[in-house]
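What's counted below: heavy atoms across the whole structure, side chains too, no hydrogens, waters or symmetry copies. Throughout, numbering of the chain's residues begins at 1 and tracks the sequence.
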Amino acid sequence: MQTDVGIDVRIDVKALGKVAVLMGGSSAEREISLLSGGGVLQALQAQGVDAHAFDPAQRPLGELKAEGFERCFIALHGRHGEDGTVQGALELLGIPYTGSGVMASAVAMDKVMTKRVWAAEGLPMPRQALLRRPECSPERLAAVVAELGLPLIVKPPHEGSSIGMTKVEEASQLAAAVELASRHDSVVLCEEFIDGAELTCPVLGEGEAAQALPVIRIVPPAAGYDYNNKYFTDEVKYLVPSGLDAALEARVQRIVLQAYRTLGCRGWGRADLMLRQRDSEPFLLEMNTSPGMTGHSLVPMSARAAGISYEALCLRLLAQAQLDGGARG
């Protein structure tokens with residue numbers, strides 16, 4: 001059986017071998033990972049792939065080798081799934097996997113390190129400050145407000161899906177926001193708030209061959225683009241086409257491609273940005289190297305706008321599974 005994936009690409013499904021869809025895991029995003037993995041598993045099986053669910057929180061990864069799995073689709077999100085740890089284990093096992101390698105995964109998972117790498121390339125980002133709980137004296141918090149202004153965003157730099165994030169409107173709210181974020185991380189990231197439209201832009205491929213998919217503009221409800229609204233309601237509006245003029249959309253895509261390549265990402269990824277209202281300047285927020293694949297997820301939405309179905313996207317990503325150094329299954 002062969003299946004079309006994109007233009008002039010044909011994949012021999014049987015040659016993909018026995019496939020593990022890694023889902024669940026032990027991170028704070030376990031629930032979303034199970035939804036992503038369930039969708040991917042169904043899509044692959046429907047196309048004839050010998051695919052099976054595998055939850056690393058319930059089974060040792062070493063069983064992948066013992067049971068003859070030949071490649072993995074990583075549908076894990078957050079720590080111990082998106083941060084280079086699982087990727088490193090699969091490297092040792094010699095089992096090719098989807099998405100970025102060990103280094104790119106580890107750096108992209110750490111928003112602080114990501115921003116340092118992007119800053120070296122001159123990429124546009126909100127101004128930021130770092131806090132550790134022992135350093136959070138009233139004087140230090142006041143200095144952050146003076147430096148970044150209000151409102152500002154407070155988040156743990158190693159979490160996704162808006163977990164532990166707060167928009168601080170008044171200086172008196174900062175201490176509580178830092179306390180919440182510090183429950184998830186030893187370091188707290190404070191960012192300048194960019195007033196404007198929320199954008200996201202997926203990327204497929206590797207190196208110079210990587211291509212940006214259509215930009216999505218996110219229109220959240222009054223309650224904001226929080227964890228619940230991201231995944232479990234239909235209150236958020238997603239505009240694709242984005243409504244940006246062609247030149248601005250192309251500029252956002254160029255910035256995202258540079259951000260993706262600079263981190264050394266491969267396979268796929270999704271950059272989140274803010275578009276400042278007063279001058280239409282884009283600002284990078286983060287790079288996701290194992291994006292969601294749920295019914296509310298943004299990469300499949302953008303891919304559909306580019307003519308790539310959910311099933312074709314899953315198969316394309318799986319066919320590109322590899323190890324660091326380029327070895328494929």
Q: Begin from the C-alpha positions of Leu313 and Met293 and carry the test side-chain contact (heavy atoms from CB on, under 4.5 Å) through to its verdict.
A: CA-CA 10 Å; Leu313 175 64; Met293 290 290 282; 3.9 Å; yes
Q: Got a sec, which residues hit salt bridge (Lys or Arg N to Asp or Glu O under 4.0 Å) with Lys167, two or more places apart in sequence or on another chain?
A: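 If we apply the salt bridge (Lys or Arg N to Asp or Glu O under 4.0 Å) test to Lys167, skipping adjacent residues, the hits are Glu169.
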Q: Which residue pairs pass the ring pair (Phe, Tyr, Trp, His ring centres under 6.0 Å) test when at least one of the two sits in residues 16-53, sequence neighbours left out?
A: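 The answer is His52-Phe69.
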Q: Can a donor-acceptor pair be found, under 3.5 Å and without considering hydrogens, that links the side chain of Tyr260 to the backbone of Trp268?
A: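 Checking the backbone N and O of Trp268 against the side chain of Tyr260, a donor-acceptor pair under 3.5 Å is found.
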Q: Compare every heavy atom of Pro282 with every heavy atom of Ile255, then report the nearest pair and how far apart it is.
A: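 Reported closest heavy-atom pair: CD1-CG, 3.5 Å.
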Q: Does anything in residues 78-106 form a salt bridge (charged side-chain N to carboxylate O under 4.0 Å, His left out)? List the pairs, not counting sequence neighbours.
A: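 Found Arg79-Glu159, Arg79-Asp185.
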Q: Between Gln47 and Ala43 (side chain of the first, backbone of the second, donor and acceptor by atom type, cut-off under 3.5 Å), is there such a pair?
A: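 Yes: the side chain of Gln47 pairs with the backbone of Ala43.
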Q: What's the spacing between Lys65 NZ and Leu93 CG if we round to 0.5 Å?
A: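 Reported value, rounded in 0.5 Å steps: 7.0 Å.
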Q: CD of Glu70 to CD1 of Ile95: how many Å apart, nearest 0.5 Å?
A: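 If I round to the nearest 0.5 Å, the distance is 9.5 Å.
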Q: Just do the salt bridge (charged side-chain N to carboxylate O under 4.0 Å, His left out) check on Asp272 and Arg270 with the steps written out, would you?
A: CA-CA 7 Å; Asp272 297 334; Arg270 195 196 77 232; 3.1 Å; yes
Q: If you measure from CZ on Phe73 to CG on Leu315, what distance do you get to the nearest 0.5 Å?
A: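 Here the rounded value is 10.0 Å.
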Q: I'd like a table of donor-acceptor pairs (distance under 3.5 Å, sequence neighbours excluded) in which one partner is a side-chain atom from residues 202-212, with atom names and distances.
A:
residue : atom : partner : partner atom : Å
Glu206  : OE1  : Gln322  : NE2          : 3.3

Q: Please examine the side chains of Trp118 and Leu263, heavy atoms only from C-beta on, and report whether any two atoms are closer than 4.5 Å.
A: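 Yes; the side chains approach each other to less than 4.5 Å.
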Q: Decide yes or no for Asp50 and Val19: does some side-chain heavy atom of the first lie under 4.5 Å from some side-chain heavy atom of the second?
A: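 Of all side-chain heavy-atom pairs linking Val19 with Asp50, none is under 4.5 Å.
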Q: Is there side-chain contact between Lys115 and Glu191, with heavy atoms separated by less than 4.5 Å?
A: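 Lys115 vs Glu191: side chains touch.
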Q: Please determine whether side-chain contact (heavy atoms from CB on, under 4.5 Å) holds for the pair His158 and Lys111, giving the CA-CA distance in whole Å, both sets of side-chain angles, and the decisive distance to 0.1 Å.
A: CA-CA 7 Å; His158 294 89; Lys111 297 179 181 67; over 6 Å; no
Q: Would a hydrophobic clustering, with Ile, Leu, Val, Met, Phe, Trp and Tyr connected at side-chain separations under 4.5 Å, put Leu34 with Leu41?
A: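 Linked within one cluster.
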Q: Quick one, Arg132 and Ser186 - any side-chain contact, counting heavy atoms below 4.5 Å?
A: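 When only atoms from C-beta onward are counted, Ser186 and Arg132 do touch, with a gap below 4.5 Å.
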Q: Mind listing the closest non-hydrogen atom pair of Pro56 and Gly25 along with its distance?
A: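 Heavy atoms only, the tightest pair is CD-N, 4.2 Å.
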Q: Kindly give the heavy-atom pair with the smallest separation between Ala53 and Met23, and that separation in Å.
A: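 Result for this residue pair: CB-CE, 3.7 Å.
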Q: For Ala104, does its backbone N or O pair with a side-chain atom of Gln87 as donor and acceptor, under 3.5 Å?
A: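 No, Gln87 side chain to Ala104 backbone: no donor-acceptor pair under 3.5 Å.
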Q: Quick one, Gln258 with Leu123, criterion side-chain contact (heavy atoms from CB on, under 4.5 Å). Give me CA distance, side-chain angles, the key distance, then yes/no.
A: CA-CA 8 Å; Gln258 186 180 356; Leu123 289 164; 3.4 Å; yes
Q: Does Thr200 reach the side chain of Val299, with side-chain heavy atoms less than 4.5 Å apart?
A: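 Answer no - side chains too far apart.
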Q: In this structure, would Val215 and Leu273 fall into the same cluster of hydrophobic residues linked by side-chain contacts under 4.5 Å?
A: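 In one cluster: yes.
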Q: Please list every donor-acceptor pair under 3.5 Å in which a side-chain atom of residues 141-154 meets a protein atom from a residue at least two apart or in another chain.
A:
none

Q: Would you give the length of the straight line joining atom OH of Tyr97 to atom OG of Ser290, rounded to the nearest 0.5 angstrom?
A: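 Between atom OH of Tyr97 and atom OG of Ser290 there are 12.0 Å.
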Q: Hey, any chance Leu257 and Val252 share a hydrophobic cluster, counting ILVMFWY side chains that come within less than 4.5 Å of each other, even indirectly?
A: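 In one cluster with Leu257: Val252, yes.
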Q: Grab the two heavy atoms, one from Gly243 and one from Arg217, that are nearest each other, plus how far apart they are.
A: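 Answer, listing the atom of Gly243 first, then Arg217: CA-NH2, 4.4 Å.
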Q: Indicate yes or no for a side-chain donor-acceptor contact from Thr166 to the backbone of Val168 under 3.5 Å, with no hydrogens or angles considered.
A: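 It does not hold such a pair.
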Q: Any salt bridge between Asp110 and Arg116, counting N to O under 4.0 Å?
A: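 No.
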Q: Please say yes or no: joined through hydrophobic side-chain contacts below 4.5 Å, possibly via intermediate residues, are Val102 and Ile74 part of one cluster?
A: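 The answer is yes; both residues are in one hydrophobic cluster.
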Q: Indicate whether any N or O donor in one side chain lies under 3.5 Å from an N or O acceptor in the other, for Ser33 and Ser36.
A: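 No pair is found: no donor N or O on one side chain lies under 3.5 Å from an acceptor on the other.
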Q: If you take all heavy atoms of Leu131 and Cys190, which pair is closest and at what distance?
A: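 That would be CD1-SG, 3.6 Å.
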Q: Any side-chain heavy atom of Met301 sitting closer than 4.5 Å to one from Val240?
A: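 Yes, close enough: below the 4.5 Å cut-off.
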Q: Please tell me whether Leu285 and Ile163 are part of a single hydrophobic cluster in this structure, the criterion being side-chain heavy atoms less than 4.5 Å apart.
A: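 No.
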Q: Verify the distance criterion only: is there a donor paired with an acceptor across the side chains of Ser26 and His80 at less than 3.5 Å?
A: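 Yes, because at least one side-chain N or O of Ser26 sits under 3.5 Å from a partner of the opposite role on His80.
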Q: Are Phe54 and Val21 close enough, and set up right, to give a side-chain contact (heavy atoms from CB on, under 4.5 Å), and what steps lead you there?
A: CA-CA 6 Å; Phe54 193 103; Val21 179; over 6 Å; no
Q: Are Cys72 and Thr98 packed together at the side-chain level, in the sense that at least one heavy-atom pair is separated by less than 4.5 angstrom?
A: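 No; the side chains remain at least 4.5 Å from each other.
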Q: Can you tell me how far CZ of Phe193 sits from CZ of Arg276, rounded to the nearest 0.5 angstrom?
A: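 That separation rounds to 12.5 Å.
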Q: Looking only at non-hydrogen atoms, find the nearest pair between Ser280 and Leu275 and report the distance.
A: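 Where Ser280 meets Leu275 most closely, the heavy atoms are O-CD1, 3.4 Å.
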Q: Ignoring hydrogens and angles, tell me if any N or O in the side chain of Ser297 forms a donor-acceptor pair with the backbone of Pro300 under 3.5 Å.
A: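 The answer is no, because no donor-acceptor pair under 3.5 Å joins these two groups.
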Q: Listing request: all salt bridge (charged side-chain N to carboxylate O under 4.0 Å, His left out) pairs with a residue in residues 238-261, at least two apart in sequence or in separate chains.
A: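 Applying salt bridge (charged side-chain N to carboxylate O under 4.0 Å, His left out) to every pair that reaches into residues 238-261, excluding sequence neighbours, yields Arg251-Glu281.
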Q: Might you confirm whether atom CD of Gln42 has over 12 heavy atoms from other residues, nucleotides or ligands at distances under 6.0 Å?
A: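 Open.
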Q: Side chains of Leu199 and Ile216: closer than 4.5 Å at any heavy-atom pair?
A: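 No - every pair of side-chain heavy atoms lies 4.5 Å or more apart.
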Q: Are side-chain N/O atoms of Ser100 and Arg266 paired as donor and acceptor at under 3.5 Å?
A: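 There is no such pair between these side chains.
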Q: Between atom CG of Leu16 and atom CZ of Arg328, what is the distance when rounded to the nearest 0.5 Å?
A: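 Rounded to the nearest 0.5 Å, the CG-CZ separation comes out at 11.5 Å.
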